[in-house]
Structure formats: structure tokens, C-alpha cells
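The block underneath contains the structure these notes are about, expressed in C-alpha cells.
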Amino acid sequence: MARAVPETARSLYRIGVNFWGLPEKEEVLKIKNKLFSAVCVLSMAVTVFAGCGNDPEGETLGDGAITYENATCESIINVADSGTVATATASNGAEVTYSVAAEEATKLTNAFNGKLSIDTDGTIRGAAEKLGKIKVNVTASAEKCEPVTAAITVSVINPYLEYQSRTLADARVGLPYAASVAYVENEDVMPEYRLIGNLPQGLTFDSASGTITGTPTDVGPGKLFTVEATAAGFTATRAQFSIDVVLNHVSSAKSKIINFGQEDGAKTLDDAFVEVNYVNQAGVAGNAAALNNNVITYELASGSTLPEGLVLYPNGAIIGKAVSRAEATFSVTATAEGCETLTRSFVLAVKPQRIKYQSIDGVLTKGEEANFSVATADAGEGVEVTYTMTEAGAAALLSEYGLKVTSAGMVTGKPTKVVKKMSFDVTAEAEGFSPRTVTMWFRINEPLQAPANNRFEAEYTELTGKSGTGYSSSPSAEAMIDSNEKSSNGAFINYMHNDTITLEFVVYAEEAAENVPLYFALGSEMGNARFTPESLGIYHYAGNTTSGTRTTVSYGSVTVEGGNTYTSFKEYRFGSVSLVKGWNVIQIAVHKNSLLGDGKTGGPGTDYMRLDTSVTLKWIPCTFNMKAED
């Protein structure tokens, strides 16, 4: 079964506000599955009081006040419904709802390619596919209270790392100390750590590993210090830590060490994983203690070694990053003033980490033999990885799309139908490794083909990220397609009344062609509308994207006939265009104008584009625009 969008998740917020309406603190509520966290950072309080009368239900309300603060509100990239602007409060306890004016909604829609909107409950709906930010005015309303508008910066960010605050082990004055803040829980990341604040005197911080070492010099209670963890693809995340420094007790009483390791055999420590930070604060010390309360120090016995990359510190902590698989048996000597020295054995296994395997976005072509590799899992040099699907998943992929995944990780077969987005799960396995399952996403296109009569239907252009504007609604993407029996294919692109909308016709020419007459079949719901290059630009790009050099197509002016609805679609000549051999993009772009009336921008309903040439032209029509997703 094809899945059109990732599973959605919701973020929760708790923001303390003091008497003056300014933020006291912000807290991110942890989601159970730890997919993401998002916050609103408040900047300025806006409070409006309004007189409130008697509630008809019998409850008496005093003066009402909505407090709504200018803020930056975050949404996580590619995570649906992961942000909110709902930070307003109503002093009379009424429920607060949120709204944005049409112009503000358009700003947000255009900034994130039609992927985001603001719901009445304040949720930032949708999943943005790019990072960025835009400031929009959002109005908070509540029953019997004056509405308040705040400037909200909607910021799409990378997910936060899974990183939590904690209290570290105590340190003792004059004795070597070791601890770590490397507690980022995300797999397959290589975080770095930045200290913000001060450590106790005598201790130093290693940003690459997050290890704290040294010999403290002053007694004192732990003061909070902040560490910022960063990693590629994630938003920097902060956590707070503290270290208490206590006196070093020294007793001359004769005593002994207890609870150190095992008298018989070797004690097994927590497993480490190759190239993954290993922080075992208790380490070999465990619950060991000297009965005279003197401090125990630990060191490797003569001839013993730890797995490469790991270090035993004098307080018993084992910290580091193992570089290869191993199962080490080693001995450690424990020493304390007035106590007999003890030596115990330990076992520490370094296991291979989970296979690294990431989702892929691929493109296949209907009817053409697929040979697409999803064999991108990494288990280390020389390790053989095999790829599998569940029996049900493999059967569905074959029956619905004519595809299968081989044990070598190749997607094979001839796709049987066109789809904008479909997905299936693949599991990567290797001996001695934990398997990993990821979701693969594919588009299945039509084959390259010649359009009938060199007509390129507008409803078959790529509409992803397009945001339309109409008289009463602002649909996006495929929702911009409207039906009309007067159009050539029974459908056309409507809602082109804004100065950000463009349509791109991507055409393959088997030979170069100079000065090819260019026609667009257009209609108007604005009466007769006269377009010029200043209000409706026509552009040519060499290649299959608009990233190259743009050439403006000159056409003077064109008057498109129409009424107050789309009553007809006619061909109009828009000058000529020179095509290069290979890929070309012809773009129609609405510019700011006043054709819609009241100074508002208007654009034409677009039926198709036609190029009058004997050169063979082809394209890949997005026919899935007119089909329901599976």
C-alpha cells in the first residue's frame, strides 16, 4: 500500500509567564518517541483589556484581557503539525482561537511552498520541506475579550537532539576526576559539545568528546553550567549539568575495600559499541567502598589493556569511543589509604553498532525496467549486508506496482502505474549487527512522450509547492486544477491571482529550433484582461530546471477574452522562443498588477501551451495530478 505522507506527530509547549507578561522560562515537554521538540520563544507582551458583561449561562466575568506576545515559534522540518502559535491566554478563562488575514496566510504559504498553515487552535499545520522563517501577524480571539494581534516568526528548523540535563558524579578536592556530558541519545550522529559557563576550578572540558577531567581545587556546591550539543542535520540543543566538589576525607584507621568486582571470575560491564560514545560513570567502581570512608582510586593492573579508544580514569569511570569490535578481559587494581590493595577482573565487550541505513527518495518510470539500488546500508568495510521485506510488504509492492527488492538491495521490475509518491519498507541485515528498517519513497513517472499536437497541458505540469489565490479560497498544488468543459482536456489551472505563482513546462527537443511560435490557451474570469510582459512574464531556460540563465520572451501585449467566469479558452500568440537541443523550460509567471480590481493582482486561467514546430518535442506529463493517491 502506498503511503502519501509520513506519520504525524504533535508538539506540546509549556511556557511560564510572570506578572508583567514576560517569559520566566521555557520548557520543552518530551514526546515519548522523542521525534522532536519545538518551542516558542517569547519576546514582547501585548495585553488588551476589555469590559466583559454577565455570561448568559450565569457565570459572571470580570474585565477580560488577552495576553499574546510577539514570539518565534518553531516547526520541525518534515514533521507534520510540529509547531504551534498558541501561546495566548485569556484572563477570563475563555478559549482562545487564532486567525490570520488572507495576506498573512499567503505570506506563510508562499514562504514554505504551500506546506504550512495556521489552524484555529494555533497549530502550525503541515510539514515544511525546507528550512527558513517568515514573520506573520496572528490574531488571538476569545469570547467577550478584545482580539490581540502579535508578530509571530514561524521558523522551520532541524529537529533537536535527544539531550537531557543531569547531575554528574561528585568530585573531591585534590583528587583526579573524570566525568562526561556526552549523553546525546540519537543514533548515527557525531555530536560536538560546547561549554557555556564555568566548571569548578581545576577541571577542563574537551569539546570533541564531552569529557570533563582534572583535579578540583576548591570545595563548593555544584553550580549549573550549560553544554550545547551540535550535530549535522540537527538544531543545537542545550542541557544543564552540575558537579559538587567535596572535601577529601582521609582516615588513618586500618580497614578494607568491599563490593569491588567479583572475588571469583570476572564482572561483566555494560557493552560498548564501535564508534559510539561510551560513558560508564560507575565503571569498575560500581558499589565499591572503603570501610574507613577513604577514597578509592583505580588503575589497570600491569599487562592489562582496555579496548582501543576507551580510557579508565582514577575514579573508576570508563569513557571514550571504541574503534573496533572486541571482547576484552582486563584486571583493575583498587587502592585506598589504610586498606589492602585489591585486584579484580572485568569483561567489556565492544559490539558492532547498528547498521547505518537511511531513507531514499527515488524516481522510476512506468513500463521501463527498474534497476534502482537501495543498497546504501553501511556496516563497515568487508561486511556483507542483505536486504529484505516482510512477506506482506513484498507481496503488496509486487501486486500494486510490479516491483520487488532483491537481497542485494536492487529495486527491479517494470512499474505498472504512475504515482506521485509511494513508499515501502526495507530491512538491512548483517551478521553480528542489529537490523535496521527504513522507509523508501519513490515517484513513478510517465515515460518521456510526445504530446498530441504539441500541446502541453497545464494540469500536467509539476504543481508541488505551488500556491494559488482565488476570490474566496487559496488552494495549492493539485487543488489548483479546476474542471471546465471548454478547456482542451476538461481541466485547467485556476487560482493564478497572485504575484508569486509560476508554471513550468519542461520540454525535450530532439533538435535545436530557432524562433518557434509560442501559444498559450488561456481564459479570464476578470472580463477582458490585457497582459504585458510587466504583468505576465514568459521566460525560457536551457536545461530541465529554472536554475540556469533566464531569457525573456517578448510578446508586446495580449488581451485574453473573458467574463466574470471562465466562459472560454482560446489560443493566444506569445511571441517566439528558441529551443536548445535537449531539455528546455518555458515558464509563465504572474507579476504584480491590478487586473483583479481594487489594486489586486490577477492572472489567467491556463489550459495548455503549444509550440508550432516540426521538431519532435517530448515531455514527462505529471498525469498523477489528476489521479487520487493510492
Side-chain angles (χ1 to χ4, degrees), residues 6-7 9 11 28 30-39 74-79 82 127-131 155-166 168 179-196 205-212 226-241 270-281 307-311 318-325 350-361 376-381 383 385 426-428 430 433-441:
E7 181 180 353
S11 61
V28 178
K30 287 288 178 179
I31 308 302
K32 183 177 180 182
N33 61 9
K34 297 182 180 178
L35 283 175
F36 60 88
S37 303
V39 297
E74 297 171 346
S75 178
I76 307 300
I77 189 170
N78 293 324
V79 178
S82 59
E129 297 175 345
K130 66 176 183 178
L131 302 176
S155 179
V156 176
I157 62 172
N158 283 317
Y160 285 98
L161 291 162
E162 297 172 30
Y163 193 40
Q164 299 186 32
S165 303
R166 63 183 67 201
L168 301 179
S180 177
V181 298
Y183 289 105
V184 167
E185 299 175 26
N186 303 73
E187 296 183 357
D188 300 335
V189 299
M190 302 291 287
E192 292 190 354
Y193 301 89
R194 181 171 71 93
L195 175 65
I196 302 171
F205 182 82
D206 181 73
S207 61
S209 66
T211 303
I212 298 170
T226 299
V227 176
E228 183 178 81
T230 58
F234 290 86
T235 294
T237 308
R238 294 182 177 185
Q240 290 187 315
F241 302 86
D270 291 343
D271 293 338
F273 293 87
V274 175
E275 293 299 328
V276 176
N277 281 323
Y278 182 74
V279 181
N280 191 336
Q281 190 64 54
E308 184 180 358
L310 302 181
V311 177
I318 299 178
I319 301 172
K321 186 182 293 184
V323 299
S324 61
R325 286 182 284 181
V350 179
K351 295 184 176 180
Q353 59 183 312
R354 290 181 67 192
I355 296 172
K356 296 179 181 178
Y357 197 27
Q358 295 183 335
S359 181
I360 289 175
D361 277 311
T376 58
D378 179 14
E381 187 176 353
V383 178
V385 179
V426 179
T427 299
F433 286 76
S434 299
R436 174 163 292 179
T437 300
V438 301
T439 300
M440 300 298 173
W441 295 87

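The first residue of the sequence shown is numbered 1, and numbering continues consecutively from there.
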Can you tell if the side chain of Asn78 reaches within under 4.5 Å of the side chain of Glu129, non-hydrogen atoms only?
yes
Heavy atoms of Ala430 and Ala379 approach each other most closely as CB-CB, 4.3 Å
Taken to the nearest 0.5 Å, the spacing of Leu131 CG from Ile76 CD1 works out to 10.0 Å
message: Quick one, Tyr163 and Phe234 - any side-chain contact, counting heavy atoms below 4.5 Å?
response: no
Rounding to 0.5 Å, atoms CD1 (Ile355) and CZ (Arg436) come to a distance of 8.5 Å
Taking every heavy atom of Leu168 against every heavy atom of Ala179, the minimum-distance pair comes out as CD1-CB, 4.3 Å
Separation between OG1 (Thr230) and CE (Met190), nearest 0.5 Å, reads 12.0 Å
Between Ala322 and Leu310, the two heavy atoms sitting closest are N-CD2, 3.8 Å
Minimal heavy-atom distance between Ser359 and Trp441, with the atoms involved, is OG-CD1, 3.4 Å
Worksheet entry | Side-chain heavy-atom pair Phe433, Val385 within 4.5 angstrom cut-off | no
Closest non-hydrogen contact found for Lys130 with Val156 is O-CG1, 3.2 Å
Distance col, row Phe241:CZ vs Tyr183:OH, nearest 0.5 angstrom, shows 8.0 Å
When Thr235, Ile157, Asn158 are each screened for side chain to side chain contact (heavy atoms under 4.5 Å, CB included) with Ile77, the one that passes is Asn158
Smallest heavy-atom separation, Met440 atom then Val426 atom, equals CG-CG2, 4.0 Å
To the nearest 0.5 Å, atom CG of Leu195 lies from atom CD of Glu228 at 11.0 Å
Distance col, row Glu74:CD vs Ser155:OG, nearest 0.5 angstrom, shows 5.5 Å
Exercise for the section: Starting from the C-alpha separation in whole Å, work towards a yes-or-no answer on side chain to side chain contact (heavy atoms under 4.5 Å, CB included) for Thr237 and Val184. Expected result: CA-CA 10 Å; Thr237 308; Val184 167; over 6 Å; no
- Query: Thr427 versus Tyr357: any side-chain heavy-atom pair under 4.5 Å?
  - Reply: no
task: Output yes when a side-chain donor or acceptor of Tyr278 lies under 3.5 Å from a complementary backbone atom of Asp270, and no otherwise.
output: yes
